[in-house]
Visitor: 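To start, I am sharing the structure in question, which I have written as structure tokens.
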Amino acid sequence: ELVDNKWMITNVAKTDVDNGLITIDGSMDQSVYIGNCHGVVVQIKGKVNAISINVSDKVGLVIDKAISSVELTKCNKCEVQVIDSVPIINVDQSESTNIYLSRSSLATEVYSSCSTALNVNIPSRDEDGDLQEVSISEQFVTRFSPDGSHLTTPVSHA
């Protein structure tokens with residue numbers, strides 16, 4: 001339901017809605033909150049201000065455009081697909097998250113903390129339509145030099 005200028009989608013499971021699909025026609029002054037949902041796909045048409053997904057499992061999000069950000073907190077096996085653009089996607093304390101970016105959304109910044117198995121799928125450089133999967137590092141190593149300066153880099157498991 002729309003409360004003031006915020007869409008509230010809470011406590012919804014796939015069996016509660018037709019085929020588990022929820023469609024929202026959003027506007028720039030609206031935000032979307034998805035909380036405690038299981039097995040649903042939320043499609044947001046148009047441009048919205050911000051989107052938050054909190055404590056949810058197996059939720060899919062398809063978004064045209066967001067002005068500020070998409071945030072996932074304490075989510076498990078969720079997916080986000082960006083059709084047009086989103087400046088920031090923030091993934092916090094989540095597991096098995098997949099993000100799909102379109103060619104027009106490659107400027108998106110992805111921030112992650114305390115998350116595992118985070119993958120970003122981007123269009124390949126070829127025009128064959130395939131996606132390239134990029135895994136986001138979960139581990140980092142910090143090395144100190146004799147003068148006390150340090151450098152932190154992602155651990156690569158090749």
Visitor: With a 4.5 Å heavy-atom cut-off, do Ile99 and Val110 have their side chains touching?
Guide: yes
Visitor: Any chance you could measure Ile24, atom CD1, to Lys45, atom NZ, to the nearest 0.5 Å?
Guide: 11.5 Å
Visitor: Under the side-chain contact (heavy atoms from CB on, under 4.5 Å) rule, collect the residues that match up with Arg125, sequence neighbours excluded.
Guide: none
Visitor: Kindly write out the residues that satisfy ring-ring contact (aromatic ring centres under 6.0 Å, His included) with Phe140, not counting sequence neighbours, or none if the list is empty.
Guide: none
Visitor: If I compare all heavy atoms of Gln30 with all of Leu2, which pair ends up nearest, and what's the gap?
Guide: NE2-CD2, 3.6 Å
Visitor: Without placing hydrogens or testing angles, list every side-chain donor-acceptor pair under 3.5 Å for residues 56-83, not counting sequence neighbours.
Guide:
| unit_1 | atom_1 | unit_2 | atom_2 | d |
| --- | --- | --- | --- | --- |
| Ser56 | OG | Asn36 | N | 3.3 |
| Ser56 | OG | Cys37 | N | 3.1 |
| Ser56 | OG | Asn54 | O | 3.1 |
| Asp57 | OD2 | His38 | ND1 | 3.3 |
| Asp64 | OD2 | Gly46 | N | 2.9 |
| Ser68 | OG | Asn49 | O | 2.9 |

Visitor: Among Val155, Thr116, Leu118, exactly one meets side-chain contact (heavy atoms from CB on, under 4.5 Å) together with Glu138. Which residue is that?
Guide: Thr116
Visitor: Which distance, rounded to the nearest 0.5 Å, do you find between the CG of Asp25 and the OG1 of Thr23?
Guide: 8.0 Å
Visitor: If only side-chain N and O atoms count, and only distance matters, is there a donor-acceptor pair under 3.5 Å linking Ser112 with Ser115?
Guide: no
Visitor: Between Asp147 (side chain only) and Ser149 (backbone N and O only), is there a donor and an acceptor less than 3.5 Å apart?
Guide: yes
Visitor: Should Leu106 and Pro123 count as side-chain neighbours, where that means a heavy-atom distance under 4.5 Å?
Guide: yes
Visitor: Not counting sequence neighbours, which residues clear side-chain contact (heavy atoms from CB on, under 4.5 Å) with Asn19? List them please.
Guide: none
Visitor: Take atom CE of Met28 as the centre, draw a 6.0 Å sphere, and report whether it contains more than 12 heavy atoms from other residues, nucleotides or ligands.
Guide: no
Visitor: Can you find a heavy atom in the side chain of Thr152 that is under 4.5 Å from one in the side chain of Val141?
Guide: no
Visitor: Quick one: side-chain contact (heavy atoms from CB on, under 4.5 Å) partners of Thr15, sequence neighbours excluded?
Guide: Ala13
Visitor: Set out, in order, the CA-CA distance, both residues' side-chain angles and the distance that settles side-chain contact (heavy atoms from CB on, under 4.5 Å) for Ile22 and Ile34, then state yes or no.
Guide: CA-CA 11 Å; Ile22 300 167; Ile34 302 166; over 6 Å; no
Visitor: Please find the pair of heavy atoms, one from Val17 and one from Leu21, that lie closest to each other, and give the distance.
Guide: CG2-N, 3.9 Å
Visitor: Could you measure the distance from the CD1 atom of Ile122 to the CG atom of Asp130? Nearest 0.5 Å is fine.
Guide: 12.5 Å
Visitor: Show the numbers, then the answer: is there a side-chain contact (heavy atoms from CB on, under 4.5 Å) between Thr10 and Val12?
Guide: CA-CA 6 Å; Thr10 57; Val12 179; 6.0 Å; no
Visitor: Which pairs pass side chain to side chain donor-acceptor pair (under 3.5 Å) with one or both residues in residues 90-100, sequence neighbours excluded?
Guide: Asp92-Ser113
Visitor: With rounding to the nearest 0.5 angstrom, report the CD to CG distance, Gln132 to Asn119.
Guide: 11.5 Å
Visitor: Counting only heavy atoms not in Arg143 (residues, nucleotides, ligands), do more than 12 fall under 6.0 Å from its CZ?
Guide: no
Visitor: To the nearest 0.5 Å, tell me how far Ile88 CD1 sits from Tyr111 OH.
Guide: 5.0 Å
Visitor: Do Val120 and Thr108 touch side chain to side chain, with heavy atoms closer than 4.5 Å?
Guide: no
Visitor: Which distance, rounded to the nearest 0.5 Å, do you find between the CD1 of Ile53 and the OH of Tyr33?
Guide: 10.5 Å
